[in-house]
Every structure is written in C-alpha cells, then in structure tokens.
S.K.: 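Here's a structure for you.
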Amino acid sequence: LPSRCPSVCQGFRSVSASTCKLKAKFNLSGYKNTDKKKVVVGGMFPVHMRIASSNGNTSNVPVSAGCVGFNFRTFRWTQTMLFAINEINTRKDLLPNTELGYVIYDSCFTISKAVEGTLTYLTGQDEAVPNYRCGTGAPLAALVGAGGSDLSIATARIMGLYHFPQVSYCSSCSALESKFQFPTFLRTIPNDRNQSTAMAQLVLHFGWTWVGTIAADDDYGKYGIKDFKDQVEEAGVCISFSETLPKVSSPQDIQRIVKTVAESTAKIIVVFSSDVDLSPLIAELIQHNVTNRTWIASEAWVTSALINQPGVSSLLGGTLGFGVKRADIPGLQEHLLNLDPYADLLTEEFWEKLFNCTLNYGKALSQTKSAMVANGTLSRTARSVPDGLCTGKESLAKMNSTYSDVSQLRITYSVYKAVYAVAFALHNLEYCVPGQGPFVGNSCADITNFEPWQLMYYLKNVRFKVPHTDEEIYFNEGDVEGLYDIINWQVNSDGEISYVTIGLYNGSAAPGDRMTIKNNSIIWNNQPPRSVCSENCQPGTRKGIRQGEPVCCFDCIPCADGEISNTTNARECILCSGDYWSNDAHDVCVPKIIEFLAFGEPLGITLIAISAFGALVTIAVMIVFIMHIGTPLVKANDALLSFTLLLSLVVTFLCSIVYLGEPQKWSCMTSQVALALGFALCLSSMMGRYTATKGLSDLCICAFVCLEIIPCISVYPCLSIFRVLTLLVAVACTVWLLILPPHPRKNTAAQNIKIILECDEGSVIFICCIFGYDILLALVAFIFAFIARKLEDNFSEGKCMTFGLLVFFIVWISFVPAYLSTRGKFMVAVQIFAILASSFGVLTCIFLPKCYVLLVKPERNTEEMLKPRPKPKEGTLTGTSLSLATSATEVHATTAID
C-alpha cells in the first residue's frame, strides 16, 4: 500500500498480524489536474462505449478491462467540463480567490468502470481504498456525472454513503428522484417523468392509439417506458408490442426485435434508449428495409450523430423527439479545435480515431513495413516517413465530425450547467458571512477544508443564472424544470437529416398549456401517420371488444333499431325514448312517423269517393221508390221498412268517412256508434220484413205456407219488433258512450318506427256485445230469408235477401283475418272496405232487382205479376213473399173491420 495512507495498514495490523494487500488495481483513463488547486471537482463521462471483452481465463491474475468504442459525442462533453473549469478559473466575479482542479474518469458506459472511478475519486489516489480518503491534497467538491442513469444509480449509492454531492448532466431516470435512496443526487437534466408525460401527450395529441415500445435494458429505459405506458394506457392507448434492447450485443435478440417491428401493424414506435444501445437495431432495420414507421425519440438519442448516419433517412425521416434545452456556448468551439494531441492518452486516442492515423512512430513504421511486404511496393518509408503516421498538426476544423459540431449543444449545455452549479455553490460556501452561516452556531465552512455534506447544503439551495444564456437554475428536490424542445427529423434536398424544433414542452406549466406544437411545421416521412388497431367506430355503431385482444382492437357493431350512438367510439348505444326512433344512420333519434288514414292521400280520396258513390246510389234508389210509391211493387214491399233499410245503408256508407282523418274524440265516438246503429237498423229492418211487415200474421202465413202448419190469426202492431230491436242497440250505445266511450290513442307498440293514431274502443265488452248483437240479428234475418227463398213467384224476395246476407257474412268473415294481418292506416282501410262491401252487397242484392223492374221492365210492375204462379200439382199451396205480404194485409184489414 502506498506510504501516503499508512494509517490504514496500521489499523489492520492492530487487529491481526497479517499485512495489507492491494487486491486490485483499476485501469482508468481520464484527466487530472490537482496540483496547487484549492478545490477539486470530479467528473465522469462515458468516453468509450463499452469495456473490452475478456477471454474468461481464471488461471491468470485478473486485470481491470480496458475500454473500446471511442465516442466523439461524449468526448465533447468531457472537453466541455474542462472548458467550463478553465472559464471559471479566469473569472473575477466567481470564486476569484479559488482555483478549481479536476479529476475526470472514463466510465466506458459500464457500471463496473463507474464504480471504479467513484472509489478512486473518493480515495484520492489511483489505488482505491474503500471508506478512506488518502492524501493531504485539496478537498473534493462534488462529482459531475456519471453518464447514463444506470451508472449514476451505482455511483449515487456510494456517494450517498458519505453524503458526497453528485450533479448529473444526463441521468434522467425517475428512480433517481428518491431522496431516501439517493440523498445527495442532483441533476441539471429534467426528470424522465416529465419526458414520459410529454411523450404520452404527443401520442394523444395526434390520436395514435396503437403504438409499439422499445426500451433499453437498464433503469433509464425501464422506468421511462413504464411511466409512458401507464399514462397512455390509462388514456385508452394500446401497446402493440414492448421490446427490450440488450445491453450486450446479441444478434438473435436484435433479429427478433426487427421481426416484431416489421410484422406489427403499429406505425408509431416509442424508444427510450441511449444511442449506444439503439444503434445496432437501427443498422439491422435499415438492412431489412423496414420503413413506413414514425419513431418517437427520447432525449438520449434524439440528436445523436451515432444514430444519424448516412442512409437512415428512409427509416428515421419524420421522427419526433424531445431534446433538453439547447444553447450556444461562446468560446467552446475554439476550445474544442485547439487540442494538443500529445497532452494525454485520451486526446491521443481521439486524434488517431478521428484522422485514422497513429501518433506512435514505431507503430506506424511497423504497419508500413507489413503493408510493403504484402504488396511488394515501396512507400514513404524511403523518405523515413511511414504511412499512417499523424503529424499532430491535422486540422480539426476541416473535419466534419460530431466532436466539433456545436449546432445542437443540449447534453453539452447540461454539462456546462452542472459545472457552474458546483462553482456557484462553492462561491456561496466561500463567501459565507461568519456568524450568519447555516451550520451549528451560525458557523460557516472553510473553503480549504470543508466536509462534503456542507457543500451539499449550498448545492441544494443554489440559485444562479447560466452565463451567456441567463437561464435561471435552481433545484427542487434535486430536479430542475422539465423543459424540452420538440424536434422533428426533416430530410433536406440532399438526403441529409436536420433537426428542426417544431414545439416546446414545459412540465411546470398548467396541464392544458404544457405542450405547444406547430403541426404545419412537421415533415413526415411519407404522410401523416395513422396508427390504430381498429378504425374509429363512427356514430351509429358501437365498440365490440374482441375476446383476448387489447381494448383498442375492436369491431364496430351497428346499433339496433331504436338505438343510436352520436359519438365516435361509443361503448354503448342509447335507446330512443317512446315517441322517437333511430334514423337510418342510427346517429340521431328522430320523431316517429305519425300515421293515420288521411283525407288527402290517394287511398283516403278513393274511399271517400266510393262511400259518397254508395250513399248517392242509395239516395237515388230512395228517389226511385218515392217516384213509384203507388205502384204494386213498392206497395208490396212495405214502403216504411224499405225506406228505413235504405236510410240505414246511407248511414253505413257515410259513417265510413268518419273513420278517415286524424282520430279525434268526437270522430271515435261517432264512427263506432254510427256503424253499430246503422247495422242494427239495417238488419232489424230486414228481419222486420219477414216477421212483421204489417203485423205478426205475416209470420203465421209464412209458417203455413213454408212449413205447412196451422196459420196463426193473432194480430199485433207491425213495427213493434223492429222498434224494440233498434231501441236495444241505441240504449247499449248510450250506456257505452257514458261509461267507457271510445277515444283517440297513440299506438307505439304496433310498429317501431311509427306512431299509429287510432281509436281505442274504450271497452272491449261493450263493443263485443253491441256488434255481437248485430251478428245475432244478421243470423236471425238470414234464417228467415233462407226459409222464404223457396216461395215461388216471378219476383223472389227471399232469394234476394238470402244473397244479400250471404254477401254480408262473406265480407265480414274475410274481414277478420285481413284486419288482424294489417297494421296502421291499412287496418282502417280494411275496416272501411268491409263496411262498404257489405253495404253494397245488401243494396245490390235487395234493391237492384226492384229498380230493374221499376226502371227497365215497368210492364212487370203489375198485380198480375205479383200473384202466385200456378200450382205445380194439386193440393200444394204456393205463393210468393210479396203475395204473402198482400194476403197478410188483407187479413189484417178484415180483422180490423171485425
């Protein structure tokens, strides 16, 4: 063990006789300048991408692995820290009496190297001794680093044990916000919670509901993508796939991810990864010509030159991403271009990688000789200048490299802010007013001999404006404000990608004002992407979830009749209320169609015309009968009953018109009662013609003639039965109207899309009784007419009456199934048709033969023609219905005289 730390071994010897042994020696590269410095600031940067692979041989003494894969971008970060320290040391207003030193190590983007650097830095010498600070040099201020989130988590746990401040410039993982686990960790880059929220809002802003995610296999990727997924899934976005990038190169894993991306229907892919971890996947995707995807980039690779290589425009053109705040740093480019390639090993390696040469003359000479032997040629060796030898005077300005590109200083600017945060904290510590200090007894710390926890107090409370940009920096629980530029990768005419800022995100603003984005400024790869598992369900349909698939994958099911959906992606259809029904598109409830048989429609006009025609014909028959009232035919038919029958037919013809039009209370009452009374009057008149044309003696004569029984000679008033029968119907109708009268109603059950305006009978019992009574009258009248049909004469009244009643029965028997099989206004039309048909049947069968005789064959209108025909055989009594009526009249007259 070096003599600078003798107390360590002495402590161990007091416990046992064994000696102290150095278990390992770390292989670290970097920069160190601590001589004659008052305070030393530590730094850690992933200058290399990974550690060199070992052969796994355990039979030899283990050696700390070296690093490979030089990264020009992170080397610029390292030079920025050196530039910032040099700038601070030259300032007169910041630490004017203190010159800062530095110790900077290369973490090689691996946790093991970051831990090696942290232990070495804390020990104060090249050989790390855990838990000890060896040497008597300048006090250590803070560690700026250590690169990625995984590295900072590892180092922060160690630094936290000793309350040693750590200020990170690019470790944004949300896990580092825990002050319980990482009490001394601060950062000048926003917390990834802000970035995850920004990404989620970006996805929701464009209405993308079907996205894939790719994350690095580290805390940065895992925590960032988890926060993103939690937020978008809560908002209804579905994750098509979720892949993890391997930290160690794995061609099998990369091929699997490429296949997943190519086969997925998601057009939006969110990537939370560093550029180092992502670059192998990008190279493989380009080889497989995977295009037509839009990538959402995290801040770790959104402006990375490692990703933005020639040929990526077809894959990454149109990419959207979030970059930390950008700034210009005056003087930085001059510092970057004025490097001495021989100053240190890191700069020497950088120079050789950039110019593809070597600064080692022996190595160059050896390489040249090997090439000469292989090719059989003589090169510059003849002049003692081997090929591949760097002169050390190559121009950095002429090289278009990531290192010298200062157009996108984002993480570089974060490094600059971190160094200045430490400097301002040290300044506040140095110029503490004695007696007004923050420590015990209002004491202050000594800049030449302070404890790390004392500087931590000033770092937590530091507040300053960054030089050249005037951005105010302060820490809130170790974090800074979540400010991001929204960047679009736009392909120019030369096929090169440029980073164009098309919006801003401020995590500290109100939720509705956090994101500002200029949609018109975005240039997509082909066209504005649309990434959905299923297209939106338009109004008139609802979502039908597919079993076993994400909620974003669904079928659009049309709403049922009577149901609507008036929003996009409705989960359920809405049932229309009673008087409303869905339109054809099922997106609006519209009033149901009001249906009734109107006067003005063609069917209504036709029925009115037929009804009027029937009434006029009936009236015409009455006029004919009046004109021939003194003739034998009219006398023989009992004029009073004939006119009563004709009047009842006029009533039935005209009452059918009342059924038309919108039902009203009066029309419902009038139509039903008029029909009942009209049929009752008609049928009782027909029956009266056989039972009591002039008295009951007619019935006796009928019985004597047709049934050969002894004639009855009783005599009663001729119209008593007719009056009684009609009066019964009139009384029943009156009671019906008083107790449960018919009334209009809206029938919404018959047809879904219509409201049928119809008459409600009020009482089914009453209407059945009344019309049942009419049917009974019709049956009795038919029986008498059927009996009288065999009476032989030149004019058979019985046959005519029989045919009229047969038509009546046929019409109404046919009416029942036709009425029950129709709906709406056609039910009314069927009912009117039945009324008209039965009325025309009675009118035609009974009165047409009589009108024919009266108008066409008047010579047959004589008493001779009305007399009975000769008997077909002796002993047989024959006669006609009309002659019987005449005989009955004579009998009645004789009885009256007696």
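Remember, it's a predicted structure, so these values are computed and weren't measured experimentally.
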S.K.: So which atom in G544 and which in I557 form the shortest heavy-atom distance, rounded to 0.1 Å?
M.R.: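 Heavy atoms of G544 and I557 come nearest at CA-CD1, 3.8 Å.
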S.K.: Enter the distance from K543:NZ to C552:SG here, rounded to the nearest 0.5 Å.
M.R.: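 Here the interatomic distance stands at 6.5 Å.
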S.K.: Side chains of C553 and W210: closer than 4.5 Å at any heavy-atom pair?
M.R.: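 Yes, their side chains come closer than 4.5 Å.
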S.K.: Does L836 reach the side chain of S611, with side-chain heavy atoms less than 4.5 Å apart?
M.R.: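 L836 vs S611: side chains touch.
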S.K.: So, does S667 use its side chain to make a donor-acceptor pair with the main chain of P663 at under 3.5 Å?
M.R.: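 No: the side chain of S667 does not pair with the backbone of P663.
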S.K.: Would you call I574 and S565 a side-chain contact if the rule is heavy atoms closer than 4.5 Å?
M.R.: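 Side-chain contact under 4.5 Å: no.
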S.K.: Please name the pair of heavy atoms, one in P539 and one in T568, separated by the smallest distance, quoted to 0.1 Å.
M.R.: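 The pair with the smallest heavy-atom distance is CD-OG1, 4.2 Å.
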S.K.: Is the CG atom of N519 crowded by more than 12 outside heavy atoms at less than 6.0 Å?
M.R.: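 Check passes, neighbour count above 12.
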S.K.: Does the side chain of L603 come within less than 4.5 Å of K825's, by heavy atoms?
M.R.: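 They are not in contact (no side-chain heavy atoms under 4.5 Å apart), so the answer is no.
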S.K.: Is there a side-chain contact between D587 and Q538 in this structure, where contact means two heavy atoms from C-beta onward sitting under 4.5 Å apart?
M.R.: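 Side-chain contact under 4.5 Å: no.
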S.K.: Quick check on K267: does its NZ atom have over 12 non-hydrogen neighbours (other residues, nucleotides or ligands) under 6.0 Å away?
M.R.: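 Result for NZ/K267: enclosed.
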S.K.: Just wondering, do E758 and V828 contact through their side chains at under 4.5 Å, heavy atoms?
M.R.: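 No, side chains not in contact.
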S.K.: Does CZ in F826 sit with more than 12 non-hydrogen atoms of other residues, nucleotides or ligands closer than 6.0 Å?
M.R.: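 Atom CZ in F826 is not crowded, with 12 or fewer foreign heavy atoms closer than 6.0 Å.
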S.K.: Looking at every non-hydrogen atom in both residues, tell me the closest pair between C668 and P744 and how far apart they are.
M.R.: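 Closest pair (atom of C668, atom of P744, distance): SG-N, 3.7 Å.
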S.K.: Looking at C238 and C533, are the sulfur gammas closer than 2.5 Å to each other?
M.R.: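 Their SG atoms do not fall under 2.5 Å; no disulfide, then.
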S.K.: Between E563 and R542, is there a side-chain N and carboxylate O pair less than 4.0 Å apart?
M.R.: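 Salt bridge absent between E563 and R542.
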S.K.: Does the side chain of I835 come within less than 4.5 Å of Y659's, by heavy atoms?
M.R.: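 Yes, close enough: below the 4.5 Å cut-off.
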S.K.: Applying ring pair (Phe, Tyr, Trp, His ring centres under 6.0 Å) as the test, list every pair that has at least one member in residues 575-629; sequence neighbours left out.
M.R.: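 Listed once each, the pairs are F625-F847.
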S.K.: Is the backbone of V658 close enough, under 3.5 Å, to the side chain of S671 for a donor and an acceptor to pair up by distance?
M.R.: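 Here the side-chain-to-backbone pair does not exist.
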S.K.: Looking only at heavy atoms, which two atoms of G600 and I605 are closest? And how far apart?
M.R.: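 For G600 and I605, the tightest heavy-atom pair comes out as O-CD1, 3.3 Å.
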S.K.: Here's a test for you: under side-chain contact (heavy atoms from CB on, under 4.5 Å), which of P742, C733, P741 qualifies with V673?
M.R.: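 With V673 as partner, P742, C733, P741 yield a single side-chain contact (heavy atoms from CB on, under 4.5 Å), made by C733.
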S.K.: Which atom names give the shortest non-hydrogen contact between I832 and S656, and what distance separates them?
M.R.: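 Between these two residues, the closest heavy atoms are CD1-O, 3.5 Å.
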S.K.: So does D561 get a backbone contact from the side chain of S582, meaning a donor-acceptor N/O pair under 3.5 Å?
M.R.: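 No; zero donor-acceptor contacts below 3.5 Å.
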S.K.: Taking the side chain as C-beta and beyond, is there a heavy-atom pair between L757 and E595 under 4.5 Å?
M.R.: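 L757 vs E595: side chains apart.
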S.K.: For R571, does the CZ atom have more than 12 heavy-atom neighbours from other residues, nucleotides or ligands under 6.0 Å away?
M.R.: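 Count not over threshold, so no.
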